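First the structure, in the form of structure tokens, and then the observations on it.
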Amino acid sequence: MKKIHLLRHAKSDWADPTLADIDRPLNARGIRTAKFMANQLHEAGCPFINVFCSPAVRAQSTITLISKQLPDLNIRWQTDEALYTFEASHLRQWVQSLDESISELLIVGHNPAFTYFCNELSHGGIANI
């Protein structure tokens, strides 16, 4: 059984309507929140091992900022195009395709995929991650 940590990207900036969705950056609040959440995540037990990230700018920026706040952990991640998804079924298929040797991982990605994925796995009723 895998232990999966899900980290939704921090708040993105919608100021430039000409940007493609994948290219949207974080807004000021998102930058502050990502920096603040680094220690919170670490103290909650997120090991930051086997880190996989969506190629979206906002997701990459989120894990970059967290990494800079936790320099002693030397956080490394892999970008995977398949994680730029908003579908729980795509996320489930991606997780199922991982090598069996990966027992714990962190995924940095997007809603609504994360919310639906959590509800699917837990038979829960989470409204929004």
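Since this is a predicted model, take the numbers as computed values, not measurements.
- With values rounded to the nearest 0.5 angstrom, Lys35 atom NZ is found 10.5 Å from Leu26 atom CG.
- To the nearest 0.5 Å, the span separating CH2 on Trp94 from OG1 on Thr85 amounts to 12.0 Å.
- Between Tyr116 and Glu87, the closest side-chain pair of non-hydrogen atoms is not below 4.5 Å.
- Distance check, rounded to the nearest 0.5 Å: SG of Cys53 to CG of Leu7 gives 8.5 Å.
- In terms of modelled atom types and a separation under 3.5 Å, the side chain of Thr62 and the main chain of Ala10 share a donor-acceptor contact.
- Nearest heavy-atom pair across Ile129 and Cys118 is CD1-SG, 3.5 Å.
- Closest heavy-atom contact between Leu98 and Leu105: CD1-CD1, 3.6 Å.
- Between Met1 and Lys3 there is no side-chain heavy-atom pair separated by less than 4.5 Å.
- The shortest non-hydrogen separation linking Phe117 to Ala88 is N-CB, 3.6 Å.
- Using cut-offs of 30° and 60° on the angle between ring planes, the pair His110 and Phe86 is tilted.
- Considering CD1 of Ile66 and NZ of Lys68, their distance stands at 12.5 Å, rounded to 0.5 Å.
- At least one side-chain heavy atom of Phe114 sits less than 4.5 Å from a side-chain heavy atom of Ile107.
- There is a path of hydrophobic side-chain contacts, each under 4.5 Å, that joins Ile63 to Leu73.
- No donor-acceptor pair closer than 3.5 Å links the side chain of Asn111 to the backbone N or O of Arg8.
- Gln78 places no side-chain N or O within 3.5 Å of a backbone atom of Val51 that could act as its donor or acceptor partner.
- Both Met37 and Phe48 belong to a single network of hydrophobic side chains, linked directly or stepwise wherever heavy atoms of I, L, V, M, F, W or Y lie under 4.5 Å apart.
- Looking at heavy atoms from C-beta onward, His5 lies in side-chain contact with Pro47 at the 4.5 angstrom threshold.
- Looking at Leu106 and Ile49, their side chains never come closer than 4.5 Å, going by heavy atoms from C-beta outward.
- The number of heavy-atom neighbours closer than 6.0 Å to NE2 of His42, taken from other residues, nucleotides and ligands shown, is 12 or below.
- Taking the side chain as every heavy atom from C-beta outward, Asn27 and Trp14 never approach each other to under 4.5 Å.
- Counting heavy atoms of neighbouring residues, nucleotides and ligands inside a 6.0 Å radius, atom NZ of Lys2 exceeds 12 of them.
- Taking CG from Leu121 and CG from Leu91, the interatomic distance works out to 8.5 Å, rounded to the nearest 0.5 Å.
- Linking Ile, Leu, Val, Met, Phe, Trp and Tyr whenever their side-chain heavy atoms come within less than 4.5 Å puts Phe36 and Val108 in one cluster.
- Looking only at side-chain heavy atoms (C-beta outward), Leu19 and Pro25 come within less than 4.5 Å of each other.
- Under a cut-off of 6.0 angstrom, the local environment of OH in Tyr84 is crowded, with over 12 non-hydrogen atoms contributed by other residues, nucleotides or ligands.
- No side-chain donor-acceptor contact under 3.5 Å links Arg58 to the backbone of Asp13.
- Rounded to the nearest 0.5 angstrom, Leu83 CG and Phe52 CZ are separated by 8.5 Å.
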